[in-house]
Amino acid sequence: MKNLETVIAAIQYIETHLSNEKIDLDVVAAAVHYSKYHLHRIFTDAVGLTIHDYAQRRQLTEAAKLLVFSDKLIIDVAILAGYDSQQAFSNVFKAMYKQSPHQFRKNEVFYPLQLEYNFKDQRETLENARKNSAREIRFAGEADIPLWMDLVRLAIDGFPCLEEEQHLTVLKRYIANKGVLLITEGGISIGGMMINYKTGSIDFLAVHPLYRKQGISRDFLHAALTELLKNKEISITTFREGDKADTGYRKALKELGFAEEELLTEFGYPTQRMVLPRENKND
């Protein structure tokens, strides 16, 4: 828990210095009075992102919000996001959002690249969960929607173009069809999966950042293979190879045995379909 407290302090510092500042490891380590080498290790181990990557993604998300909901000039948005020039900002923004800041503003639809990792509100629950370690996998009901959305906001980095209202509409439909699985521990949601029984696809798979190294995805996959989709080919879509916005989702799926299939474009975003070969289903 001491490491988590340090990570929380680092996140809080980053969140209060998103505007008009360059945020790097040296600055954050000095602010939280911690060795930069150890801070880099525990931060990356806890959240799966370096401090630089987390800060950059958060600044770009706040910049995207300004592009849609304010009249600020793009150069002013760039400066607020910590960039020295509009061109530098535009290059990074396009690499992450797959469209220029001008086009993003023109489309008038905001969606986050990265939301705050708000662990401080879960600190006590996380501590109790780890002490009791009572983990449960079950079908979700409508009463679980707040738990589900807490998880979605923490795992938003895996789902480009996700808009909450649209997601809620889809979620309720899947819940009604017994297509939503939830893994909880100590009162928090640590994993969630939406299944399409007709197509055999996993349409949503999220894991709490602090639990991504604990085999949650494999537990879900086991449930899908042995109980829910045992007679179907299982597929899922993810980032394409080399997408700078991917924080590790493609690699994790390949480690689970998923193989590359056709390239797709979903909601205007380039993705790729991945399929679990049938010979792996009894592994």
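Hydrogens, waters and symmetry mates are skipped; everything else that's a heavy atom, side chains included, is used.
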Decide if atom [atom1] of [X] counts as having more than 12 heavy atoms of other residues, nucleotides or ligands within a radius under 6.0 Å.
X	atom1	result
Lys98	NZ	yes
Lys22	NZ	yes
His17	NE2	yes

Between Glu266 and Thr237, is any side-chain donor less than 3.5 angstrom from a side-chain acceptor?
->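 Thr237 and Glu266 do have a side-chain donor-acceptor pair below 3.5 Å.
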Ring centre gap for [X] and [Y] strictly below 6.0 Å:
X	Y	value
His167	Phe159	no
Phe267	Tyr269	no
Tyr174	Trp148	no
Phe119	His208	yes

Check ion pair [X]-[Y] (N to O, under 4.0 angstrom):
X	Y	result
Lys213	Asp45	yes
Asp157	Arg212	yes
Glu164	Arg153	yes

Which class fits the ring pair Phe239 and Tyr249: parallel under 30°, tilted 30 to 60°, perpendicular over 60°?
->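 If you compare the ring of Phe239 with that of Tyr249, the planes turn out tilted.
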Work out which heavy atom in [X] is nearest to a heavy atom in [Y]; give both atom names and the distance.
X	Y	answer
Phe104	Val68	CE2-CG2, 3.5 Å
Gln214	Leu210	NE2-O, 3.9 Å
Ser217	Leu205	OG-CD2, 4.0 Å

Apply side chain to side chain donor-acceptor pair (under 3.5 Å) to Glu241 and list each qualifying residue two or more places apart in sequence or on a separate chain.
->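 Glu241 satisfies side chain to side chain donor-acceptor pair (under 3.5 Å) with Arg250 once adjacent residues are dropped.
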Is there a side-chain contact between Phe220 and Ile216, using heavy atoms and a 4.5 Å cut-off?
->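 Result yes, sub-4.5 Å side-chain heavy-atom pair found.
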Would a 4.5 Å heavy-atom cut-off, applied to side chains only, mark His52 and Leu25 as touching?
->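 No, too far: nothing below the 4.5 Å cut-off.
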Judged by atom type as modelled, is there a donor-acceptor pair below 3.5 Å linking the side chain of Arg135 to the main-chain atoms of Glu185?
-> no
Which side-chain N or O atoms in residues 136-147 pair as donor and acceptor under 3.5 Å with protein atoms at least two apart or in another chain?
residue : atom : partner : partner atom : Å
Arg138  : NH1  : Asp144  : OD1          : 3.3
Arg138  : NH1  : Asp144  : OD2          : 2.7
Arg138  : NH2  : Asp144  : OD1          : 3.1
Asp144  : OD2  : Gly141  : N            : 2.9

Determine whether Ile156 and Val47 fall in the same hydrophobic cluster, where Ile, Leu, Val, Met, Phe, Trp and Tyr are linked whenever their side-chain heavy atoms lie under 4.5 Å apart.
-> no
